[in-house]
Peer 1: 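Dropping the structure in here first, questions after.
Just so it is clear: chains get the letters A, B, ... in the order the sequence lines come, proteins before strands, and each one is counted from 1.
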Amino acid sequence: MEELKDLLIKIIEDSLSRLNYIFDIEEIKANFQESDSLNFGDYSLPCFFLSKKNIKNPNEIALKLGKEIEKEIKKDKNLREKIEKIEIKNSYINFFINKKELAFNLINEIEKKKEDYGKENLGKNNKTMVEFPSPNTNKPLHLGHLRNLSIGESVSRILEFYNEKVIRANLYNDRGVHICKSMLAYQKFKDELENNSENIKNKKDKEKIKSDHFVGDLYVLFSKKAKENPELEKQAQEMLVKWEQGDKEIRELWKKLNSMAITGIKETISLFNVKHDKEYFESNIYEKGREIILEGLKNGIFKKENDNSIYIDLTNKGLGKKYLLRNDGTSIYITQDIYLSKLKFDEFKINKSIYVVGNEQEYHFKVLFSILDKLKLLKKENLYHLSYGMVNLPDGKMKSREGTVVDADDLIDETKELVKEELKKRYILDEKEIERRSLIIALSAIKYMLLKTNIKRDITFNPKESIAFEGDTGPYLLYSYARANSILKKIKKLPEFKIKDLKDEEIKLLLKINEFKKTLNESYKTLNPSLIANYAYQLSKIFNEFYHACPVINSENEDFRLHLVLAFKQILKISLYLLNIEVLEEM
RNA sequence: GCCUCGGUAGCUCAGCCUGGAUAGAGCAUUAGCCUUCUAAGCUAAGGGUCGCAGGUUCAAAUCCUGUCCGGGGCGCCA
């Protein structure tokens with residue numbers, strides 16, 4: 001395609017010369033554009049830029065130049081085959097490429113490469129760690145974590161598709177006052193929690209509360225109690241001190257609750273089809289990093305306050321003053337992060353580190369990366385904060401401590417139940433198959449909902465309007481896939497194909513399939529899965545239009561259309577794989 | 001106050017980087033289409049000061065400046 005573009009630009013250049021027009025080659029390149037409208041051709045050249053220099057009406061220029069180009073194209077056999085026609089519309093010269101040749105090449109390439117179609121070696125020298133979703137261990141995952149998981153996994157897959165070696169890492173924030181709150185509630189109000197079902201949010205199965213939900217319920221109960229009795233906050237702080245001193249009883253309780261939380265969290269992560277290669281625990285590293293800070297102090301990168309606390313002055317970078325060690329010598333959050341960032345590179349010999357973390361922490365990462373850079377420990381260009389927007393509720397932010405969160409497990413369960421109803425309405429299936437399909441469909445709905453919005457933007461999720469299954473949704477994509485499959489199931493062996501005249505719907509589908517590589521490349525460069533999500537939807541939409549306009553089986557063009565459907569199916573499958581959405585052969 | 005992200009149809013969002021021909025989808029509303037490959041589908045209609053004001057340009061939702069509104073951040077919290 002690129003070659004054709006260059007060829008055309010050359011022709012334009014020659015034609016302009018022959019007509020004695022004044023022009024600038026760079027201007028031609030800048031104005032020459034691709035188009036995705038069937039009416040305006042595949043490429044076009046607006047001629048306004050020639051108007052001033054040549055003191056002529058742009059329409060007139062387009063007309064003359066267009067004719068000259070047409071003559072030129074007719075002379076060249078290669079171009080004659082590739083360019084079907086050119087049209088002049090007002091000040092535009094529109095080029096229509098030969099779709100038959102495109103169709104032939106595209107379909108053959110997809111059938112040859114199959115699930116590897118679109119793969120590139122751009123990232124082959126990269127070993128990249130992607131860290132996500134790094135939860136706190138005092139509560140179960142919520143919808144915000146699911147967005148994080150969706151983005152982290154999808155980005156990992158996109159990187160792998162371009163041949164990067166990816167290490168998926170998760171950092172458990174398993175220590176701190178937040179855990180102590182759950183622990184304190186356990187000591188004081190455990191019985192109350194268990195005897196009063198109103199305190200238990202996950203009511204579906206009271207006998208067997210999921211372990212992380214139990215810890216989370218304790219946390220919510222703590223907050224409730226602490227409102228009435230502020231003394232509790234103080235006690236939680238005291239507990240943290242005891243924890244740090246290694247108090248045996250406290251440590252035992254901590255281990256117990258932590259393990260409950262982490263077990264439950266892992267179940268959810270695994271249900272979401274994500275598997276981590278490495279787990280870090282804050283409790284193991286929270287005291288580390290002090291040596292690095294002291295070293296930096298010696299080198300004059302950090303400064304000491306009168307009270308002995310240590311800080312870095314980043315005022316010249318607009319980041320202000322940031323403390324790194326307290327006056328009692330203890331670490332701060334960022335101190336351990338400096339340590340961990342370096343550890344990742346040392347342990348895994350990676351050369352790129354991606355942090356999938358919400359945009360509320362942008363300042364933190366700017367500071368972190370600046371410090372690592374100044375210390376010459378790591379280079380800024382190898383560190384990337386993949387920042388994404390918050391998931392909000394219609395009345396504002398989700399707050400764990402108040403219990404106003406959309407719980408991940410509950411959402412998956414509830415969505416699954418709705419899918420089951422839909423399935424029962426439509427098809428007769430045994431219970432096991434309903435279970436299997438409903439989970440896949442429910443997850444597709446949730447994942448797609450979370451990935452289709454540009455990652456930079458906040459999402460407003462309305463729990464009252466349950467997750468949709470129609471229109472721009474995950475199930476629509478799965479449905480389109482299953483539809484394509486049901487056509488292909490009808491034939492035993494794929495015939496050879498010839499391409500006759502193409503209908504608009506066939507051309508549109510071809511052109512959209514042809515866009516896949518470009519979209520994928522863009523999403524790799526920008527680490528933005530939403531581009532692929534939107535592409536998958538547009539592709540499916542065009543397929544459904546094709547489906548209605550062009551019968552396949554027993555049609556005159558059956559052979560070609562079968563191959564076209566197969567190509568569509570392949571591209572949609574790859575797209576969905578990159579979004580971590582599993583497909584169903586039958587809906 | 002400073003930094004940052006956003007403001008496009010009633011609602012949820014594409015498009016903006018890299019300016020181009022009538023601004024696109026979905027939901028919701030209305031009207032159609034299932035003896036033919038899966039109706040979780042398709043077709044059509046209505047619905048727009050692209051926050052506002054300037055500027056650059058032959059051409060601005062897109063670039064620049066200012067401004068208003070909203071989110072987030074600016075802790076020896078994590």
Side-chain angles (χ1 to χ4, degrees), chain A residues 30-31 33 35 37 39-40 44-52 58 89-92 94 136 173 175-178 282 286 305 307 309-311 318-328 330-337 358-364 366-367 387 389-390 392 394 396-397 419 422-423 425-427 441 445 449 452-454 456-462 465 468-480 482-491 522 526 530-531 533-534 537-538 540-541 544-545 547-555 558 561-562 565 586-587:
Chain A
N31 279 279
Q33 58 192 260
S35 154
S37 156
N39 301 331
F40 299 141
S44 58
L45 182 78
C47 294
F48 306 102
F49 72 103
L50 292 162
S51 175
K52 210 176 217 173
K89 260 191 196 157
N90 300 325
S91 303
Y92 291 81
N94 297 325
N136 290 348
N173 298 300
R175 53 129 252 138
V177 74
H178 53 282
E282 195 190 326
Y286 83 104
E305 204 82 271
D307 68 351
S309 56
I310 297 173
Y311 69 94
L319 297 172
K321 213 168 162 183
K322 185 78 192 174
Y323 284 84
L324 302 167
L325 281 181
R326 297 191 182 93
N327 59 7
D328 61 2
T330 54
S331 306
I332 298 155
Y333 177 67
I334 195 159
T335 319
Q336 55 155 339
D337 242 10
N359 61 13
E360 55 192 354
Q361 293 205 40
E362 271 171 15
Y363 170 74
H364 169 74
K366 273 186 192 158
V367 172
S387 162
M390 301 285 96
N392 296 320
K397 223 179 158 176
V419 172
E422 296 293 318
L423 280 171
K425 257 192 261 169
R426 290 163 220 257
Y427 318 106
I441 296 170
M449 188 254 318
K452 73 173 177 174
T453 303
N454 193 315
K456 297 275 169 226
R457 284 178 76 124
D458 291 351
I459 292 178
T460 306
F461 177 77
N462 192 341
E465 301 163 13
F469 305 138
E470 281 163 29
D472 187 7
T473 64
Y476 178 87
L477 305 180
L478 295 192
Y479 181 73
S480 310
R483 254 187 164 177
N485 194 50
S486 79
I487 296 174
L488 295 168
K489 265 194 317 199
K490 297 222 182 281
I491 50 137
E522 193 66 26
T526 55
S530 72
L531 299 176
N534 284 308
Y537 171 65
Q538 289 163 21
S540 299
K541 186 173 159 58
N544 279 307
E545 287 163 19
Y547 181 93
H548 282 271
C550 307
V552 177
I553 305 295
N554 293 332
S555 76
E558 180 180 304
R561 286 179 183 169
L562 282 169
V565 171
E586 269 178 81
M587 192 73 171

Peer 1: Roughly, in whole Å, what's the span from OH in A:Tyr363 to P in B:rA78?
Peer 2: 14 Å
Peer 1: Expressed as a whole number of Å, how far does the P atom of B:rC64 sit from that of B:rC16?
Peer 2: 14 Å
Peer 1: Between B:rC63 and B:rA14, how far is it from one P atom to the other, in whole Å?
Peer 2: 15 Å
Peer 1: Taking OP1 and OP2 of B:rA21, is either one under 4.0 Å from a side-chain nitrogen or oxygen of A:Lys89?
Peer 2: no
Peer 1: Under 4.0 Å between a Lys/Arg side-chain N and an Asp/Glu carboxylate O for A:Lys366 and A:Glu362?
Peer 2: no
Peer 1: Using the P atoms only, state how far B:rA60 lies from B:rC50, rounded to an integer number of Å.
Peer 2: 13 Å
Peer 1: Decide yes or no, distance alone: a donor-acceptor N/O pair under 3.5 angstrom between the base of B:rC76 and the side-chain of A:Asp328.
Peer 2: no
Peer 1: Taking the P atom in each of B:rG7 and B:rU62, what is the distance between them to the nearest angstrom?
Peer 2: 12 Å
Peer 1: When only distance counts, do a donor and an acceptor, one from the side chain of A:Ser44 and one from the base of B:rA21, lie under 3.5 Å apart?
Peer 2: yes
Peer 1: RNA chain B: A:Ala30 or A:Gln361, which has the more 5' nearest nucleotide?
Peer 2: A:Ala30
Peer 1: Starting at the 5' end of RNA chain B and moving along, which residue's nearest nucleotide shows up first, A:Asn327 or A:Tyr476?
Peer 2: A:Tyr476
Peer 1: Does any N or O donor sit under 3.5 Å from an N or O acceptor when you compare the side chain of A:Asn31 with the base of B:rA59?
Peer 2: no
Peer 1: Verify the contact: side-chain N or O of A:Arg457 to OP1 or OP2 of B:rG71, cut-off strictly under 4.0 Å; return yes or no.
Peer 2: no
Peer 1: Would you check if A:Tyr92 stacks with the base of B:rA21, given a 5.5 Å centroid limit and a 30° plane limit, both strict?
Peer 2: yes
Peer 1: Counting only Watson-Crick or G-U wobble pairs whose two distances fall under 3.5 Å, which nucleotide matches B:rG41?
Peer 2: B:rC33
Peer 1: Tell me what A:Ala482 touches on the nucleic acid: a base, only sugar-phosphate, or nothing, going by heavy atoms under 4.0 Å.
Peer 2: base
Peer 1: Can you tell me the Watson-Crick or wobble partner of B:rA9, both distances under 3.5 angstrom?
Peer 2: none
Peer 1: Ring stacking, A:Phe48 with base of B:rG20, under 5.5 Å and under 30°?
Peer 2: yes
Peer 1: What integer number of Å spans the P atoms of B:rU67 and B:rC2?
Peer 2: 9 Å
Peer 1: When the distance from CG of A:Asn94 to P of B:rG20 is rounded to whole Å, what number comes out?
Peer 2: 15 Å
Peer 1: Tell me whether A:Phe40 and B:rA21 count as stacked here, given that the ring centres must be under 5.5 Å apart and the planes must differ by less than 30 degrees.
Peer 2: yes
Peer 1: Separation of A:Tyr547 atom OH from B:rU43 atom P, in whole Å?
Peer 2: 14 Å
Peer 1: Could you tell me the separation between the CG atom of A:Asn554 and the P atom of B:rU36, rounded to a whole number of Å?
Peer 2: 14 Å
Peer 1: Rounded to the nearest Å, what distance is computed from the CE atom of residue A:Met449 to the P atom of nucleotide B:rA25?
Peer 2: 24 Å
Peer 1: In whole Å, what separates the C1' atom of B:rG66 from that of B:rA28?
Peer 2: 38 Å
Peer 1: What I want to find out is whether A:Lys425 reaches A:Glu422 closely enough, with some N-O distance under 4.0 Å, to be called a salt bridge.
Peer 2: yes
Peer 1: Applying a 3.5 Å limit to both distances, which nucleotide forms a Watson-Crick or G-U wobble pair with B:rC58?
Peer 2: B:rG20
Peer 1: Considering only the P atoms, how many Å lie between B:rG46 and B:rU4, rounded to the nearest integer?
Peer 2: 43 Å
Peer 1: Take the protein atom NZ of A:Lys456 and the nucleotide atom C1' of B:rC5, then report the distance between them rounded to whole Å.
Peer 2: 9 Å
Peer 1: For the pair made of CG in A:Asn544 and P in B:rC42, what is the distance, rounded to whole Å?
Peer 2: 5 Å
Peer 1: Using atom C1' of each nucleotide, how far apart are B:rG26 and B:rC42 to the nearest Å?
Peer 2: 15 Å
Peer 1: Syn versus anti for B:rC34, judged by chi lying within 90° of 0?
Peer 2: syn
Peer 1: What contact category does A:Ile441 fall into here, base, sugar-phosphate, or nothing, at under 4.0 angstrom with non-hydrogen atoms?
Peer 2: base
Peer 1: Have a look at A:Leu423 and say if it touches a base, only the backbone sugar-phosphate, or nothing, with a 4.0 Å heavy-atom cut-off.
Peer 2: base
Peer 1: A:Glu465 CD to B:rG26 C1': how many Å, rounded?
Peer 2: 13 Å
Peer 1: At less than 4.0 Å, is any side-chain N or O atom of A:Tyr479 found next to OP1 or OP2 of B:rA40? Yes or no.
Peer 2: yes
